[in-house]
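Starting from 1, each residue takes its place in the sequence as its number.
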Amino acid sequence: MAELEAVIGLEVHAQLLTRSKMFCGCRAEYLGLPPNSNTCPTCLGLPGALPVINRRAVEMTIRTALALGCRIPEFSKFDRKNYFYPDLPKGYQISQYDLPLSLGGHLEFEVDGERRSCGITRVHLEEDAGTLHHAGEIHTSKFSLVDLNRAGVPLMEIVGEPDLRSPREAPQYLRALRQLLLHLGVNDGNMEQGSLRCDANISLRPRGQREFGVKVEVKNMNSFRSLQAALEFEVRRQSAVIESGGRVHQETRGWSEVEQATVSQRSKEEAQDYRYFPEPDLPPLRVSRELVEELRASLPEPPLRLKDRLRDQHGLGEEQAALLTERPQDAEYFQAMVASGAPPRAAANWQLGPLQALCKEAKLDIELSPVPAAELAALVRMVEAGEVSGTSGREVLAEAFAVGRLPVDLIRERGLVQVSDTEQMEAWVDLAIQQLPKAAADYQSGNDRALGPLVGAVRKASGGAANPDLASRLLRERLGRGGG
Ligand code: ADP
Ligand code: ZN
Ligand code: MG
């Protein structure tokens, strides 16, 4: 039997970072509020309440679509997608069916440093549903509680073409998409909290066959890792079905993190007929070419290009450049440090190392770092110039971060400035050699470990101010081992 090949296409839902909901004035932020407190007649679906289109949501969707290279038809409309579920008070979701805001783009992403491209079918706009809280286990509990704070939150759907060919590509595609949304400032990228959600469609076919096989839709993955794991599970499951002479059934399956398996939720026979029809309470959308061009002009530098640029301009490693460009605020901080005169590679190391650790511990975003980029840059410059040791620098950064003071001021106050003045250093080196003639002789005759006490003596003579790197270099030169 021919080897089987996977065909995968992702459908991604992203909540938009608008101030208000999609069709009413309620706040779009819904986490941590008392249940059903962030609602109004419109998002509660009360009879007679009329929706009004959120202009910012439309603009964010168009910007995303443009960044994905989609075209924006001049005419678009909303439709009702009818189905019953307790988290959907109107009995229908306002979505877009046959005339979406955008069509036909592509997303570039990387797998093991190799550039790939995946087609984007469409990017359209809809509204989120409420949330259900199940008392205990979902299948055994006697009731569920409905919270409609999330109902009506703007939701953008990005439908990908079935262009992916292995489970490993899926998280990389999703990473690139998430990165793009973050750089556009339209979504917060939080998969755990569900503001970014992904459904994966997967089928298998004999390699070389043109037609696609029967697809299965998998839901409920809330991390990159579970997305890949769910798809790998499906490859194994579907392969086993096909190889034993059976046929894959079209169905929706849910990923169970506990079982590390997908579980059937509903089959095609139960597939819903959504009875789409045009939303009669909303006017059609006419998107002017002026607006499209205005939005196009507001697009940020594509994240992959930004990554390559930072890597090449500043001699960063691929991994470093990728980490610095995952989120725009990191790239901004880094570039601000470089603009303040920090050597780029050192700047990247300090930002991704000590600073990021401090931010993480304090649960602070880098944008809110008590040590701004220019101040960390000043510290990094001193360390790089040998005026402060790396160890002192890290201690000072931690303290400046904790108390909100200038690292450079702390360095001065503590007398942490290292002496790198060669003449002064030469005098201390002479003194150290006089004090420890045996160590000096040992080092001269090849015992590397004898250098330590000599450097220590230089540091002591200087009252701790001597730059240790410079001290060892001068000692090596003086003792005739400058080359080693
Ligand atoms: P549906 O009619 O079930 O909504 P669509 O054709 O609209 O199916 O596609 C929905 C998603 O499924 C898209 O992301 C698409 O890339 C993907 N998809 C479609 N056909 C297949 C297939 N045979 N195998 C894998 N993914 C597929
Ligand atoms: Zn409302
Ligand atoms: Mg579809």
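Judged purely by atom type and a 3.5 angstrom limit, His314 has no side-chain atom pairing as donor or acceptor with the backbone of Ala321. No donor-acceptor distance shorter than 3.5 angstrom exists from the side chain of Asp365 to the backbone of Leu368, with no hydrogens or angles considered. With hydrogens and angles ignored, the 3.5 Å screen pairs a side-chain donor or acceptor of Gln351 with a backbone N or O of Phe334. Of the possible donor and acceptor atoms, none in the side chain of Asn187 sits under 3.5 Å from a partner among the backbone N and O of Ala14. In terms of modelled atom types and a separation under 3.5 Å, the side chain of Asn149 and the main chain of Pro34 share a donor-acceptor contact. A distance-only check finds no donor-acceptor pair linking the side chain of Asn222 to the backbone of Met191 [under 3.5 Å]. A donor-acceptor pair under 3.5 Å is absent between the side-chain atoms of Ser37 and the main chain of Leu33, judged by distance alone. With hydrogens and angles disregarded, no donor-acceptor distance shorter than 3.5 Å links the side chain of Asn54 to the backbone of Phe23. Between the side chain of Ser472 and the main chain of Pro468, a donor-acceptor pair closer than 3.5 Å is present. Under the 3.5 Å distance criterion, the side-chain polar atoms of Arg459 are matched with a main-chain donor or acceptor of Ala466.
A salt bridge links Arg116 to Glu114: at least one charged side-chain nitrogen sits closer than 4.0 Å to a carboxylate oxygen. A salt bridge links Glu59 to Arg55: one of the charged nitrogens lies within less than 4.0 Å of a carboxylate oxygen. Under 4.0 Å is where a charged nitrogen must lie from a carboxylate oxygen, and between Glu477 and Arg473 at least one such pair does. Taking 4.0 Å as the cut-off between side-chain N and carboxylate O, Glu413 and Arg405 count as a salt-bridged pair. Remark: Glu110 engages Lys307 in a salt bridge, criterion side-chain N to carboxylate O under 4.0 Å.
Sparse packing is recorded around CZ of Arg412, with 12 or fewer heavy atoms of other residues, nucleotides or ligands lying under 6.0 Å away. Heavy-atom contacts from other residues, nucleotides or ligands closer than 6.0 Å to CD of Glu29 number 12 or fewer. By the neighbour-count criterion of 12 heavy atoms within 6.0 Å, atom CZ of Arg449 is sparsely surrounded, having that number or fewer from other residues, nucleotides or ligands. With a 6.0 Å radius and a threshold of 12 heavy atoms from other residues, nucleotides or ligands, Glu192 has its CD atom at or below the threshold. Shown here is Arg56, whose CZ atom has no more than 12 heavy atoms of other residues, nucleotides or ligands within 6.0 Å. Within 6.0 Å of CZ on Arg19 lie no more than 12 heavy atoms contributed by other residues, nucleotides or ligands. Counting heavy atoms of neighbouring residues, nucleotides and ligands inside a 6.0 Å radius, atom CZ of Arg309 exceeds 12 of them.
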_Show, in sequence, the C-alpha distance, side-chain angles and deciding distance for Arg165 and Glu169, and conclude whether the salt bridge (charged side-chain N to carboxylate O under 4.0 Å, His left out) test is met._
CA-CA 7 Å; Arg165 291 292 174 267; Glu169 291 186 332; over 6 Å; no
(Q) Please determine whether salt bridge (charged side-chain N to carboxylate O under 4.0 Å, His left out) holds for the pair Arg381 and Glu384, giving the CA-CA distance in whole Å, both sets of side-chain angles, and the decisive distance to 0.1 Å. (A) CA-CA 5 Å; Arg381 277 208 322 263; Glu384 289 298 295; over 6 Å; no
Discussion item. Before you tell me yes or no, could you show the steps for Tyr30 and Gln15 under side chain to side chain donor-acceptor pair (under 3.5 Å), namely the whole-Å CA-CA distance, both residues' side-chain angles and the distance that decides it to 0.1 Å?
Written reply: CA-CA 11 Å; Tyr30 59 91; Gln15 284 173 355; 3.0 Å; yes
### Message
Go through it in stages, so that I can follow the logic: the residues are Leu324 and Tyr333, the test is side chain to side chain contact (heavy atoms under 4.5 Å, CB included), and I'd like the CA-CA distance, side-chain angles, deciding distance and then a yes or no.
### Response
CA-CA 9 Å; Leu324 286 171; Tyr333 193 99; over 6 Å; no
Please report the C-alpha distance between Glu217 and Lys219 in whole Å, then the side-chain angles of each, then the deciding distance to 0.1 Å, and finally whether the salt bridge (charged side-chain N to carboxylate O under 4.0 Å, His left out) criterion is met.
-> CA-CA 7 Å; Glu217 182 175 6; Lys219 292 176 175 289; 3.5 Å; yes
Residue pair Met337, Leu376: steps toward the side chain to side chain contact (heavy atoms under 4.5 Å, CB included) verdict: CA-CA 7 Å; Met337 271 174 87; Leu376 181 53; 3.6 Å; yes
task = Could you please spell out the steps behind the side chain to side chain donor-acceptor pair (under 3.5 Å) verdict for Ser195 and Asp188?
result = CA-CA 7 Å; Ser195 38; Asp188 70 12; 2.5 Å; yes
Test side chain to side chain donor-acceptor pair (under 3.5 Å) on Gln265 and Thr252 and set out the steps.
CA-CA 6 Å; Gln265 287 182 337; Thr252 302; 5.8 Å; no
- Message: Between Gln172 and Asp112, is the side chain to side chain donor-acceptor pair (under 3.5 Å) condition met? List the steps.
- Response: CA-CA 9 Å; Gln172 293 307 98; Asp112 298 331; over 6 Å; no
What's the verdict on salt bridge (charged side-chain N to carboxylate O under 4.0 Å, His left out) for Arg253 and Asp199, showing C-alpha distance, side-chain angles and the deciding distance? CA-CA 10 Å; Arg253 300 176 71 91; Asp199 301 334; over 6 Å; no
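Between the CD1 atom of Ile366 and the CG atom of Asp330 there is a distance of 5.0 Å, given to the nearest 0.5 Å. We find the SG-CD distance between Cys359 and Glu367 to be 10.5 Å, quoted to the nearest 0.5 Å. Rounded to the nearest 0.5 Å, atoms CG (Leu125) and CD (Gln96) are 6.0 Å apart. For the atom pair SG of Cys70 and CZ of Arg122, the computed distance is 10.5 Å after rounding to the nearest 0.5 Å. Between Leu68 atom CG and Glu108 atom CD the span is 11.0 Å, to the nearest 0.5 Å. Here the straight-line distance linking atom CG of Asp448 with atom CG of Asp442 works out to 11.5 Å at 0.5 Å rounding.
Contact check for Asp308 versus Arg311: side-chain heavy atoms found under the 4.5 Å cut-off. Residues Pro100 and Val159 fail the side-chain proximity criterion, which asks for heavy atoms closer than 4.5 Å. In this structure the side chain of His13 never reaches within 4.5 angstrom of the side chain of Leu196, judged on heavy atoms.
Of all the heavy atoms in Phe233 and Gln260, the pair that sits closest is CD1-O, 3.7 Å.
Annotation: cation-pi pair Arg175/Phe109 absent, no NZ/CZ under 6.0 Å from the ring centroid and within 45° of its normal.
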